[in-house]
Each structure stands twice: as C-alpha cells, then as structure tokens.
**Student:** 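I have a structure here, written as structure tokens, and I will follow up with some questions on it.
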Amino acid sequence: MPLPTGDIAWPPHDLAPALDAMHTWDTWWSGDPDRLETLYGGSTSGGPDPKRLQYASGVVGRLARWWWGTPTGLGERRTKLHVPIAGDLCGGSADLLFSEPPKFTVDDQVTQDRLDKLTDDGMLATLQTAAEVGAALGGVYLRPVYDTELSDRPWLDAVHADRAVPEFRWGRLAAVTFWRIVREQDGQVWRHLERHEPGAILHGLYQGTKDQLGRPVPLEDHPTTGGFAQAVDEDGAIPTGYDGLDVSYIPNQSTRRWRCIPRLQDLGRSDLDGVEPLMDALDETYSSWMRDIRIGKGRIITPSAYLQSQGPGRGAAWNPDREVFAGLDMLTRPDAGSQLTVAQFAIRVQEHRDTAEDLVNQILRSAGYSGQTFGLGGDAAVTATEVTARERRSMTTRGRKILRWRPALAHVVEALLAVDREVFGGAIVPQRPTVEFEDSVQEDPLSLANTVDVLRRANAASTDTLVRMAHPEWDDDMVTAEVDRIHQESGMAVPDPMQTGELP
C-alpha cells in the first residue's frame, strides 16, 4: 500500500481510543502537575464556585470527580502534590529487562565481530529507553537507521507508539507508518510520513491542518526531509537490503480494553493501565499529609496591642523570630491570660503513612511488581535466592516481557545487519541472532565462592564448569586461559608420563 494521496483525517479516527489512552498514560508518566490538571479539568480561570463542575453530568463531570479534576478556587494557591510513581514503575520495568546488556550470537565469525561493534553501549541505552517508553505507552517500535555523515555503522532507534499507524496481520506487524510534525505555522501543519514495508521505506511530506493530513508536497520543500529527496527512487522509496519488514513492534503486555477491536487488539497494554485511580488517590493522600503540616504550625493568638509598638501612628512591629505569636484586633481585658489562645492542629503522620504505603503496594501489585523491586521492605543484605523469592512477582512479569522482547530483538538485529551490508558493505552474512537476557539478580560473590568450593571438594564439577559458574560473563577463550592457570598453579598441569618420549 502506498502513502496516502488524498486529504484524510490524521491520525486516523480508528486509532482514537488508543491514542486517548496513551495520552492519559503519557501525562501520568511525565509527572507534570500542570498537565494532570489540564487532563482532568482541574484548572479554572474564574467563577464563583468552580467545584460545581463535580456535579455536572457527562465527560466534564466524570473528569472533575477525579481528585486532580477538582478546580482550584479563586484566590487560592494550588496545594496539590504529585508523587511520580508512574515514572518509577516504567523506569523499574526497564531496569528489570536491561540492567545488563543482552547477548547476541551468530554462527559466522565475521558477522559476529561486526555484530559486537553494532551492539555496543549505545544500543543498551536505546533498549533501556525503549523499554521505559513501552512500559508507559503500551508498546514501542525499533528500527535500524543510519547517517553516513554521523557514523560508519547503523544503529537502532526507538519510535513511540503514539507516533505510528501500524498494520497487523495475524498478530504480527505487516507494515507501519511513522509520522512527525516538522512545521507548524499560521494554522498549517507539515507532517513527514515514513512508511515501512517489506524491503523498502517510503517517504512523503504533507501540508495540512491540525486534524487533516492535507496534500502531498515535494520533499525538497522542507529542510528536514530535503535529504531524502536524493535518496528515494521514482516511487518515493528507499530499499533496505532486507527482504522482510525492517521494524519490530514490542507490545508491553497483552491488552485488555481493546481485545475485541481488530485494529487495536495487538497494540499492547501499559503498566499504568487500570491504576490511574490509585495514583490519583496517592496524590490526594500526600497532599492531605502536607496540608496537615501546613495547618499544624503552632500559633498563639493574642491582641495586637500586645505586640511591639512602633510609636503613635506607626503601628506595631512583628519579630519573625517570635513566630508563635499571631495578633488580632480585639479589646483587652484585665484577665489577659484568658485572651491568649493556643492553636495547634495535630499532624496525622501515621494515618497518612499507612494509607500511602497501602496505596503504593496496591499500585505495584496491580502493575505486576513486588514492593522489594522498588526498595520497599528494607535494604538488608540477602542472597540472590532470597531476592528472587521476595521479588517473584516482578520476576514473573519480567519473564513475560522477555517472551515478547526476545523475538523482536532477534528480528530487528537481523534487519540491522542487512542494512549495514547494504549501506556500508563488508563480508557479513545477515542472519537472525540468538538473544540471551542476563540474570537481573547477581549472586553474592561470597555465597557463589562457597558454592564453588563445596562442588570442588565433592568432585561434583570440573574446573571448567566451576570457572564458568564463578565468571558467567567470560567467553570460551577467557575460561580456557583461566583453567590452564589454575592447573599450573595447583600442579595439575604435569604431563602424563605414559605419553612422553618417542614410541619405538
């Protein structure tokens, strides 16, 4: 299917439910209180009673009944406090998956050497970012890109799910159109569309409005797309050198709300899906806690006449160091002691803490994580086995996500190798690599040494096996060299006397 040729709605209307949900998740993930108030209608520009919106019907009333939808009254300052737990959730998901770089292996040694250069630390940073974006928006796209003026090799790039129009077939991505706004001026919106199909990438530039794609214009009309004008063929396409689709889509988790909508059922689900009311309640709890602290400041209400006078006609002075005094204009009586009123509200620390902790635990549990993953439950030293047991729910969620990430990574790395050969040449043989995810929980060195020592004394494992157990990150050459050194130091490298000398 080619790029659009007519003036159509953009983004397409059938993606509206998903894009609206992604906008909500993105707002919570951003951690911006202004965006939260705008999303739920909590901002107000006037009116005698802004809270009347909570009694309205329809969408306005439903949004206003959220705590973040409660408008701030006239003359009042905003006292709402936001707890960025959504960012912690998505960042924690990325850490579980890519705290250690995955290992890519292929059969051809020349290809393996080139692959090691392509999968450097830059790719790990991209994968960490992609995993966090996918956890927030419900999915993320990975594609190979290159620029001969910037680098002598291609690299992976992550595209957010709310900037793509995908086409799925039997649960797999068949084609996708990425889009971005390159210019906005005088009500005109210029969009760059990049459509990925098997074997080719099509580029188009469109001049339209906020809601309409508009008409196609030459790529040379904007500097951002001018470079593609020389690279595309007569059909507006650039060959990728890869027979299949060069893009992988990684859904975060299986979807719930769109399972019966064919166009949306393969998009995936955010870690924040369904926990928005709990996050709203958590923000309300912490804001109530801070309110208790504000109104809990001790004050002694006393007549203004008791304050330090500055002389006739000059009023009275207040010393900031005497912060417990608050003056009121009142008549003085002989029994001055009865006119001193102490105002000290209680700060309900324990009640707020218990409520907040319970909400946080419920949010983590609903999102599929254990509290220990996010530092709840103390920092006492434990073994890796105990860590895995305590974080079983997080490890289970990690395992489910790896099932989606592993084939997608293998596919896009194969495409990366094909693009590398097409653009930069070389004798590499593009092939699908084997992807191995490292264990996110590292064994304690002392515990691991004790295990190795017990196995050695029991003659239950060879020196090669013990070295690999103690150093799982080493390759075969490093293991062999270490085994030889151990044999030499322990006297086990003595040659067999029956194998010395020359046979008669």
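Every heavy atom of this structure was used, including side-chain atoms; hydrogens, water molecules and symmetry mates were not.
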**Student:** If you count heavy atoms of other groups shown closer than 6.0 angstrom to CZ of Arg153, is the number above 12?
**Tutor:**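 Yes, the 6.0 Å shell around CZ holds more than 12 heavy atoms from other groups.
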**Student:** Hey, which of Asp95, Leu89, Asp88, Leu96 is the one that makes side chain to side chain contact (heavy atoms under 4.5 Å, CB included) with Thr373?
**Tutor:**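 Answer after filtering Asp95, Leu89, Asp88, Leu96: Leu96.
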**Student:** Quiz question: by atom type and distance under 3.5 Å, do the side chains of Ser462 and Thr465 form a donor-acceptor pair?
**Tutor:**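 Short answer, yes.
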**Student:** Less than 3.5 Å apart, any donor N or O on the side chain of His352 or Ser288 sitting next to an acceptor on the other?
**Tutor:**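 A pair is found: one side chain offers a donor N or O, the other an acceptor, under 3.5 Å apart.
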**Student:** Could you check whether any side-chain heavy atom of Thr285 comes within less than 4.5 Å of a side-chain heavy atom of Leu359, counting everything from C-beta outward?
**Tutor:**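 Of all side-chain heavy-atom pairs linking Leu359 with Thr285, at least one is under 4.5 Å.
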**Student:** Is the side chain of Ser270 donor-acceptor paired with the backbone N or O of Ala136 at a distance under 3.5 Å, no angle test?
**Tutor:**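 Confirmed, Ser270 side chain pairs with Ala136 backbone.
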**Student:** Can you tell me if CZ on Arg257 sees more than 12 non-hydrogen neighbours from other groups inside 6.0 Å?
**Tutor:**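 Counting other residues, nucleotides and ligands, CZ of Arg257 exceeds 12 neighbours.
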**Student:** Looking at Asp26 and Arg35, does any basic side-chain N land under 4.0 Å from a carboxylate oxygen?
**Tutor:**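 Between Arg35 and Asp26 there is a salt bridge, with a charged N closer than 4.0 Å to a carboxylate O.
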**Student:** Check whether the side chains of His23 and Asp162 place a donor and an acceptor atom closer than 3.5 Å, and report yes or no.
**Tutor:**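 Absent: no donor and acceptor within the cut-off.
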**Student:** Determine whether Asp283 and Met279 satisfy the following criterion, side chain to side chain contact (heavy atoms under 4.5 Å, CB included), listing intermediate values before the conclusion.
**Tutor:** CA-CA 6 Å; Asp283 288 348; Met279 294 188 294; 5.6 Å; no
**Student:** Just say parallel, tilted or perpendicular for the rings of Tyr369 and Phe374, cut-offs at 30° and 60°.
**Tutor:**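 Tyr369 and Phe374: perpendicular rings.
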**Student:** Judged by atom type as modelled, is there a donor-acceptor pair below 3.5 Å linking the side chain of Asp246 to the main-chain atoms of Ala415?
**Tutor:**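 Between the backbone of Ala415 and the side chain of Asp246 there is no qualifying donor-acceptor contact (under 3.5 Å).
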**Student:** Stepwise, does the side chain to side chain contact (heavy atoms under 4.5 Å, CB included) test hold for Trp28 with Leu36?
**Tutor:** CA-CA 7 Å; Trp28 281 103; Leu36 285 169; 3.7 Å; yes
**Student:** Spell out, as yes or no, whether a donor-acceptor pair under 3.5 Å connects the side chain of Arg406 to the backbone of Val435.
**Tutor:**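 Side chain of Arg406 to backbone of Val435: a pair is present.
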**Student:** Should the pair Asp358-Arg365 be classified as a salt bridge under the 4.0 Å nitrogen-to-oxygen rule?
**Tutor:**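 So Asp358 does not pair with Arg365 through a salt bridge.
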**Student:** Given 3.5 Å as the limit, does a donor-acceptor pair link the side chain of Thr397 with the main chain of Gly368, or not?
**Tutor:**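 Yes, the answer is positive, given that a donor and an acceptor are paired below the 3.5 Å cut-off.
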**Student:** So, Glu167 and Arg195, do they make that salt bridge, N to O below 4.0 Å?
**Tutor:**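 Salt bridge between Glu167 and Arg195, a charged N being under 4.0 Å from a carboxylate O: yes.
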**Student:** Do Glu284 and Trp68 have side-chain N/O donor and acceptor atoms under 3.5 Å apart?
**Tutor:**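 Trp68 and Glu284 do not have a side-chain donor-acceptor pair below 3.5 Å.
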**Student:** Are Asp354 and Gln350 close enough that a side-chain donor and a side-chain acceptor fall under 3.5 Å?
**Tutor:**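 A pair is found: one side chain offers a donor N or O, the other an acceptor, under 3.5 Å apart.
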**Student:** Determine whether a donor-acceptor pair (N or O, by modelled atom type, separation under 3.5 Å) exists between the side chain of Ser370 and the backbone of Gln372.
**Tutor:**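 Answer holds: no.
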**Student:** Relative to each other, are the rings of Phe437 and Phe98 parallel, tilted or perpendicular (30° and 60° limits)?
**Tutor:**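 Phe437 and Phe98: tilted rings.
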**Student:** Indicate whether any N or O donor in one side chain lies under 3.5 Å from an N or O acceptor in the other, for His196 and Glu194.
**Tutor:**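 Checked: His196/Glu194 side chains pair up, N/O donor to acceptor below 3.5 Å.
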**Student:** Indicate yes or no: at least one non-hydrogen side-chain atom of Lys80 is less than 4.5 angstrom from one of Trp67.
**Tutor:**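 SC-SC contact between Lys80 and Trp67 confirmed.
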**Student:** Counting C-beta onward and ignoring hydrogens, is there a side-chain heavy-atom pair between Glu37 and Thr27 closer than 4.5 Å?
**Tutor:**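 Glu37 does not reach Thr27 side chain to side chain.
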**Student:** Flag yes if more than 12 heavy atoms outside Arg259 fall under 6.0 Å of its CZ atom; otherwise flag no.
**Tutor:**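 Check fails, neighbour count at 12 or below.
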